[in-house]
Structure formats: C-alpha cells, structure tokens
Amino acid sequence: MRSFKFLSVLILAATLLFGASCHSSKKSKSKMSYSWKLYKALQHKMSDAQVVKIGDTVLVIYPELAMFGVGKDEIKMEAQPAFAEFAAILKDYSRVHLIINGYTDNVGGPEANLSLSKRRAENTKRLMVSNGVKEDRIMTNGKGETYFIADNKTAEGRQANRRVEFVLYESK
C-alpha cells in the first residue's frame, strides 16, 4: 500500500505539471498564504484524502475510497459524504477553482473508457455543485485508462483506478 500512495503522489505531480500548467508560477506572498491555508484545512479536515501541495496548487485524491463501479459513472453512495465534506471546505475558499480529472481501469476499450472518464468527472462536478460549490469554479477532464495508479491485474487495483482527482488552484 505504501508504494500505491507514492505512485498516487507521483501521478498527482504529473497531473499538476501537465493539467494545470496554464497557471502562472509566479508566487506572491498573499497567494502562497491563501493556498497554504487551504492545504492545511484540507489536511486537517479530510483524513481519508491524500492532500499534496506543489507550489500554489493543491492536489486531492482519495486513494482508498471506492468511487465508481465497473463501467459506471454514478458516484457510489459511500463516496458521497467525503465529497460533501470536501465541498463544504471549498465553500470557505471562494478564490479556489478546481479541475476534476476522471479516470478508469482498463476494462473496456480506450474510446469507451475516455468517454466514461469524462462522465465520471462531470458527475463529480454535479455532486460538488449540489453541495454548494459554484459551477463556474469547476472544470472537468476525462483521462481514460491511461494514467493508472494501481495494477489493473487485480480487482483492488482496478477499483483504485476508477477514480477522480482534484487539482485546486487560486483564480486570478
């Protein structure tokens, strides 16, 4: 499980570099302070999430939360309270925008998985909006089966790969 968490951090870092590279890397003291406060709040209040801060960006993943069923884009009931808690924190940080990246396991074809990952991200966005996060603060991406964080040869690994990840950044 330790290597799984390390791999998760590595994937999140890659997502940051490629997914959120459109944001300036210049840091002002107030922006660092704001993102640092967000990071600390997320770490403190979300014990089931992995929270990583890289520069002015905060990455959030739930490495052990079963989010989606095989071939499904509906968020499992057991995952919804964690997302509601996350949304409640985000409401206190109105300058923060987020990118939701959806992923799949390798069951099914690449085109079907890309479409499925997009729907997972969109459904997560709808859930976050229904929990009070303003829609204009959220962008979504589907990544398909390409960026796996666990071995797709096992049921546990495939479950871990059926996920969404969050990239948080301060809007300008």
Side-chain angles (χ1 to χ4, degrees), residues 1-21 42-43 45-52 54 57-91 96-135 137-169:
M1 189 53 89
R2 188 174 181 87
S3 64
F4 171 72
K5 287 187 178 185
F6 175 76
L7 185 56
S8 296
V9 171
L10 191 59
I11 295 294
L12 289 171
T15 301
L16 168 64
L17 292 173
F18 296 107
S21 62
L42 292 170
Q43 272 195 324
K45 296 178 182 177
M46 295 175 35
S47 60
D48 55 343
Q50 188 172 357
V51 182
V52 179
I54 302 174
T57 304
V58 177
L59 309 166
V60 177
I61 184 173
Y62 294 87
E64 298 181 25
L65 183 63
M67 295 182 191
F68 302 96
V70 177
K72 304 290 184 191
D73 60 15
E74 299 90 19
I75 300 165
K76 288 184 171 185
M77 292 300 290
E78 59 263 26
Q80 292 184 19
F83 290 168
E85 177 184 39
F86 184 28
I89 296 167
L90 289 177
K91 288 190 290 188
V96 171
H97 286 224
L98 59 152
I99 301 167
I100 302 172
N101 293 315
Y103 301 89
T104 67
D105 57 25
N106 66 348
V107 175
E111 289 180 22
N113 282 335
L114 182 59
S115 175
L116 178 59
S117 68
K118 289 177 183 178
R119 293 192 314 271
R120 286 178 175 169
E122 283 295 322
N123 283 343
T124 303
K125 176 181 178 176
R126 279 192 278 285
L127 180 61
M128 298 300 279
V129 169
S130 74
N131 281 292
V133 179
K134 292 185 178 179
E135 186 172 6
R137 295 172 56 192
I138 306 171
M139 294 185 301
T140 62
N141 291 308
K143 301 290 187 177
E145 62 189 54
T146 307
Y147 301 99
F148 54 91
I149 59 171
D151 189 349
N152 275 311
K153 293 179 183 174
T154 67
E156 182 182 79
R158 287 188 299 275
Q159 178 62 60
N161 289 328
R162 294 189 296 267
R163 71 193 189 283
V164 291
E165 296 176 350
F166 302 87
V167 179
L168 307 156
Y169 62 94

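As a basis for the values below, the full set of heavy atoms in this structure was taken, side chains included, without hydrogen atoms, waters or symmetry mates. Along the sequence shown, residues are numbered consecutively beginning with 1.
Closest approach of Phe166 and Thr124 over heavy atoms only: CZ-CG2, 3.7 Å. The minimum heavy-atom distance linking Val133 with Lys91 is given by the pair N-CG, 4.4 Å. In this structure, Ser117 and Lys143 approach most closely via the heavy-atom pair OG-N, 3.2 Å. Here the closest heavy-atom approach between residue Val164 and residue Met67 is recorded as N-SD, 3.3 Å. For the pair Ala121 and Gly102, the tightest heavy-atom approach, listed with the atom from each and the gap, is CB-N, 3.8 Å.
For Ser115 and Arg119, the side-chain atoms include at least one donor-acceptor pair closer than 3.5 Å.
Paired with Asn161 under the rule side-chain hydrogen bond (donor to acceptor under 3.5 Å, both in side chains), one option of Asn152, Asp105, Thr104 passes, and it is Asn152. Partner of Glu85 under the side-chain contact (heavy atoms from CB on, under 4.5 Å) criterion, out of Leu90, Asn131, Asp48: Asp48 alone.
Side-chain atoms of Asn123 come within 3.5 Å of backbone N or O of Asp73 as a donor-acceptor pair. Gln80 places a side-chain N or O within 3.5 Å of a backbone atom of Ile75 that can act as its donor or acceptor partner. Looking only at distances, no side-chain donor or acceptor of Arg158 sits under 3.5 Å from a matching main-chain atom of Asn106. Side-chain atoms of Arg162 never come within 3.5 Å of backbone atoms of Lys72 as a donor-acceptor pair (strictly under, hydrogens ignored).
Within the 4.5 Å cutoff, side-chain heavy atoms of Leu168 are placed close to those of Leu42. Using a 4.5 Å cut-off on side-chain heavy atoms (C-beta onward), Val52 and Val58 make no contact.
Taking OG1 of Thr140 as the reference point, atom CG of Asn101 lies at 9.0 Å (rounded to 0.5 Å). Between Tyr103 atom OH and Asn113 atom CG the span is 14.0 Å, to the nearest 0.5 Å.
Using a cutoff of 4.0 Å between basic side-chain nitrogens and carboxylate oxygens, Arg163 and Glu165 are scored as salt-bridged.
A ring pair (Phe, Tyr, Trp, His ring centres under 6.0 Å) check over residues 58-79, counting only residues at least two apart or in different chains, returns the pairs Tyr62-Phe83.
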